[in-house]
Amino acid sequence: MKIIPIFIPHAGCLYRCIYCDQHKISGALRTPRVDEINSIIERNLKTIPKDERVEVAFFGGTFTLLPEDLQKKYLDAVYPYVKDKRIAGIRISTHPEAVTEKSIKLFKKRGGCLVELGVQSLDKEVLKKTNRAMDFNTIKIAAGVIKKSGLDLGVQVMLGLPGDTLQKSIKTAQRLLELKPETARIYPAVVLKGTGLGELFKKGKYKPLSLEDAIKWSACVSDVFEKGDVKVIRIGLHPSECLNSKKIILAGPYHPSFGEMARARQMRNRIINILGPKKIQNRRIIEIQVPKELFSFISGHKGEEKKYLEDFYRVSVLLRNSSRLGTFGASLEQYSSSESLDFARDKLCESRRIRIIDTRKVIAIIDPRMPDKAKARLKKMGYYVKEVPLHPKLAGHVKGHPDMMLFSYGKKVIYEPRLEKIAGLLRDNGYECTRGEKIKSYKYPKDIIYDACNIGKSIIRYAGKIEKNIENLIPRRNPRALARGMDVNCFLLGRKPQSLDQEASQTKFIKVKQGYAKCSVIPIDEKHIITSDKGIYDRWDVGNGRDRSLHIRPGYIKLPGYKTGFIGGASGSHKNKIFFTGSLKNHPDGRLIREFIEKRGKKVVELSSGRLYDVGSILFFDANT
């Protein structure tokens with residue numbers, strides 16, 4: 001929509017507010033004659049596309065306090081354009097005290113569509129210091145008359161006046177929402193020569209908002225209005241030759257691009273609100289999909305808002321033209337925070353869709369003593385490598401083994417208390433992390449309470465004592481509940497009971513004699529495993545049928561301080577890849593292992609050369625938020 005402004009500086013005004021000089025603000029030195037209205041409209045229509053909605057607006061004075069005869073002449077000069085639909089309607093600005101049923105009826109009859117009330121502030125201290133005697137009840141009555149007549153209502157507020165604060169300005173906007181206006185204008189106060197505010201400034205009794213504060217305040221107040229379904233149609237004074245000359249502005253946050261700067265700040269705030277204030281360690285890039293014509297709006301003046309986001313989150317911010325996007329992405333990237341925003345902009349006649357994508361690296365949790373070449377290869381492949389702290393209670397060469405301190409089951413993670421920072425990272429990526437029991441001894445089997453392996457709907461675990469939270473993942477049964485086909489835990493915990501078949505279809509324990517269960521298994525997919533442990537091999541095939549596991553020779557795995565390590569500890573599984581620390585060429589069953597993996601559609605990735613090295617497994621975590 002385009003508005004053709006006709007300025008009537010101070011015409012009809014009851015008061016001379018200390019901040020106001022409409023001659024300088026508008027650049028209009030006098031009130032236009034009636035016979036000039038036609039030429040103003042025609043001149044502007046020549047520059048506006050024919051399919052664009054156009055309105056005429058009388059600004060800069062108190063229209064409804066003009067002599068009634070002059071009101072009629074002005075409106076009658078515009079009405080023929082309304083009648084032949086070249087102009088959609090007329091809007092005016094006025095003082096709330098100047099609104100009467102008679103004046104509004106006259107305005108509507110001659111093509112009126114919207115009345116803007118100059119409110120500026122509802123704070124008593126601010127109103128007193130700016131020579132505006134007004135109360136909310138007067139505004140409410142005026143708004144009622146306007147709305148009752150069927151006209152749209154607009155409000156105007158001014159920020160940073162004497163006695164004002166951000167909270168006062170926000171409160172003013174919140175109260176104005178009670179009037180249900182359709183539009184709002186936001187103007188940070190600027191100190192003009194020859195005004196009362198100018199004299200206060202010269203005497204050191206008034207300090208205007210800085211440009212930064214004015215942008216901040218405007219963004220906040222605009223958010224209040226827009227969340228209340230009020231369209232903010234202008235932020236900041238309209239640029240003019242008079243204002244741009246800097247001869248009439250003593251001080252204050254005037255900038256020709258102020259509206260764009262405030263809008264960009266508003267969007268920056270919304271982006272932070274969606275992504276959250278935290279700097280996520282495995283964040284790779286923030287991608288904003290938006291129509292190309294809004295790139296500068298997202299970037300801000302001279303790219304300042306985009307740079308702020310990049311400094312704040314410590315990652316690159318990428319703008320993509322949403323109208324030209326196809327399917328894209330990479331296997332290591334997680335679209336962890338994808339949300340759409342509606343955002344109205346002054347120069348657009350409709351809201352645009354803006355999509356924010358928070359792209360994160362997959363997390364690979366490792367022993368800090370993993371060979372450097374293997375670490376480097378993981379990083380080069382795009383993984384975010386996170387090293388666990390060495391645990392003082394575990395034996396020397398397994399102190400940093402992740403599979404002895406952390407268990408994952410879908411989106412649930414149970415961790416040893418010393419892994420609190422790692423749990424924080426996983427929580428930031430959408431995992432439900434439970435602080436587990438402390439490992440109190442390096443002696444077997446007290447050291448293996450977390451060493452269980454989740455594969456699909458099965459958990460391979462030690463038959464003896466394991467960490468209690470892992471133990472409690474599978475509901476207990478008792479004979480009486482079993483006879484009724486119900487789960488006893490449902491009754492004990494006050495949950496709605498589930499049938500036994502429902503519970504059984506979810507997860508089952510496969511109990512084995514091997515305490516190092518996770519260390520001993522390579523999960524290939526939900527049905528296939530590789531293990532060097534005969535007990536695990538036999539138990540898995542019993543539950544899953546023949547040819548679901550590969551039994552390899554034990555040994556041939558490097559683990560300093562021990563006779564041998566385990567095949568599971570020398571590997572890690574992520575999506576279509578099975579990783580090995582070391583080379584399969586150095587294992588007597590290496591060819592069989594590779595064939596078994598590749599037959600299931602998976603790819604073997606050797607992170608380093610030399611013997612296979614038990615590093616306590618590589619645990620991978622995709623972003624889930």
Side-chain angles (χ1 to χ4, degrees), residues 15-22 24-26 60 93 95 116-134 136 139 154-177 184-226 230 232-240 243-244 246 248-266 268-269 300-301 304 346:
Y15 316 101
R16 187 62 177 263
C17 302
I18 67 168
Y19 52 80
C20 191
D21 188 330
Q22 286 296 328
K24 292 172 181 173
I25 292 171
S26 66
S93 62
H95 194 287
E116 294 189 24
L117 297 179
V119 176
Q120 318 317 345
S121 178
L122 293 177
D123 183 78
K124 291 180 180 179
E125 181 187 3
V126 175
L127 292 172
K128 184 178 179 181
K129 289 183 175 182
T130 53
N131 296 335
R132 286 182 66 84
M134 195 192 317
F136 184 66
I139 299 168
V155 293
Q156 300 172 5
V157 296
M158 189 166 287
L159 314 180
L161 290 166
D164 200 10
T165 65
L166 175 57
Q167 288 307 311
K168 287 180 179 180
S169 290
I170 289 173
K171 190 174 180 180
T172 290
Q174 289 171 336
R175 290 208 71 189
L176 288 175
L177 291 180
R185 295 176 187 267
I186 301 169
Y187 297 109
V190 175
V191 183
L192 303 175
K193 290 181 181 178
T195 63
L197 201 59
E199 294 305 310
L200 288 176
F201 173 74
K202 287 178 181 179
K203 295 175 182 178
K205 295 182 178 181
Y206 172 68
K207 183 180 179 181
L209 295 176
S210 65
L211 183 62
E212 172 61 25
D213 283 342
I215 291 169
K216 175 184 174 182
W217 286 32
S218 297
C220 290
V221 172
S222 183
D223 260 342
V224 172
F225 280 126
E226 290 182 345
V230 178
V232 177
I233 58 175
R234 172 152 290 282
I235 304 177
L237 291 172
H238 192 283
S240 68
L243 290 174
N244 289 340
K246 298 183 180 180
I248 65 165
I249 297 177
L250 289 176
Y254 173 75
H255 193 286
S257 302
F258 185 85
E260 295 295 317
M261 295 164 81
R263 289 292 195 185
R265 178 62 55 83
Q266 198 175 352
R268 185 188 93 182
N269 293 343
H301 185 63
E304 289 175 357
D346 275 359

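Just so you know, these numbers use all the heavy atoms, side chains as well, and skip hydrogens, waters and symmetry mates.
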What's the spacing between [X] [atom1] and [Y] [atom2] if we round to 0.5 Å?
X    : Y    : atom1 : atom2 : value
S257 : H301 : OG    : NE2   : 6.0 Å
T172 : L127 : OG1   : CG    : 8.0 Å
N131 : I18  : CG    : CD1   : 6.0 Å
L250 : F201 : CG    : CZ    : 6.5 Å
S121 : R175 : OG    : CZ    : 11.0 Å
K216 : M261 : NZ    : CE    : 15.5 Å

Please test I249 against V191 for side-chain contact (heavy atoms from CB on, under 4.5 Å), starting from the C-alpha separation and ending with a verdict.
CA-CA 6 Å; I249 297 177; V191 183; 5.9 Å; no
Taking the side chain as everything from C-beta on, heavy atoms only, tell me whether [X] gets closer than 4.5 Å to [Y].
X    : Y    : value
R263 : I235 : yes
V190 : P208 : no
V157 : R185 : no
Q156 : S93  : yes
T130 : P162 : yes

Run the salt bridge (charged side-chain N to carboxylate O under 4.0 Å, His left out) test on R234 and E260 for me, step by step, so that the C-alpha distance in whole Å, both residues' side-chain angles and the decisive distance to 0.1 Å come before the verdict.
CA-CA 10 Å; R234 172 152 290 282; E260 295 295 317; over 6 Å; no
Pair R132 + E125, salt bridge at N-O below 4.0 Å:
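E125 and R132: not salt-bridged.
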Salt-bridge criterion met for R265 and E212 (N-O under 4.0 Å):
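Yes.
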If every non-hydrogen atom of [X] is compared with every non-hydrogen atom of [Y], which pair is closest and at what distance?
X    : Y    : answer
L161 : A189 : CD2-CB, 3.8 Å
G160 : Y206 : O-OH, 2.6 Å
L209 : A214 : CD1-CA, 4.0 Å
L192 : T195 : O-OG1, 2.7 Å
F225 : A173 : CZ-CB, 3.8 Å
L211 : F258 : CD1-CD1, 3.8 Å

Any pair with a residue in residues 198-208 that passes salt bridge (Lys or Arg N to Asp or Glu O under 4.0 Å), sequence neighbours left out, goes on the list, sorted by first then second residue, please.
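Listed by first then second residue: E199-K202.
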As a quick check of understanding, evaluate side-chain contact (heavy atoms from CB on, under 4.5 Å) for Y187 and L159, giving each step before the final call.
CA-CA 6 Å; Y187 297 109; L159 314 180; over 6 Å; no
Show your reasoning for whether side-chain contact (heavy atoms from CB on, under 4.5 Å) applies to D213 and L166.
CA-CA 9 Å; D213 283 342; L166 175 57; over 6 Å; no
List the residues meeting salt bridge (charged side-chain N to carboxylate O under 4.0 Å, His left out) with D123, not counting sequence neighbours, and say none if there are none.
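By the salt bridge (charged side-chain N to carboxylate O under 4.0 Å, His left out) rule, D123 matches K168.
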Between D164 and S169, does any side-chain donor sit less than 3.5 Å from a side-chain acceptor?
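Distance-only check passes for D164 and S169.
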Evaluate side-chain contact (heavy atoms from CB on, under 4.5 Å) for D223 paired with Q266, printing each intermediate quantity in order.
CA-CA 7 Å; D223 260 342; Q266 198 175 352; 3.1 Å; yes
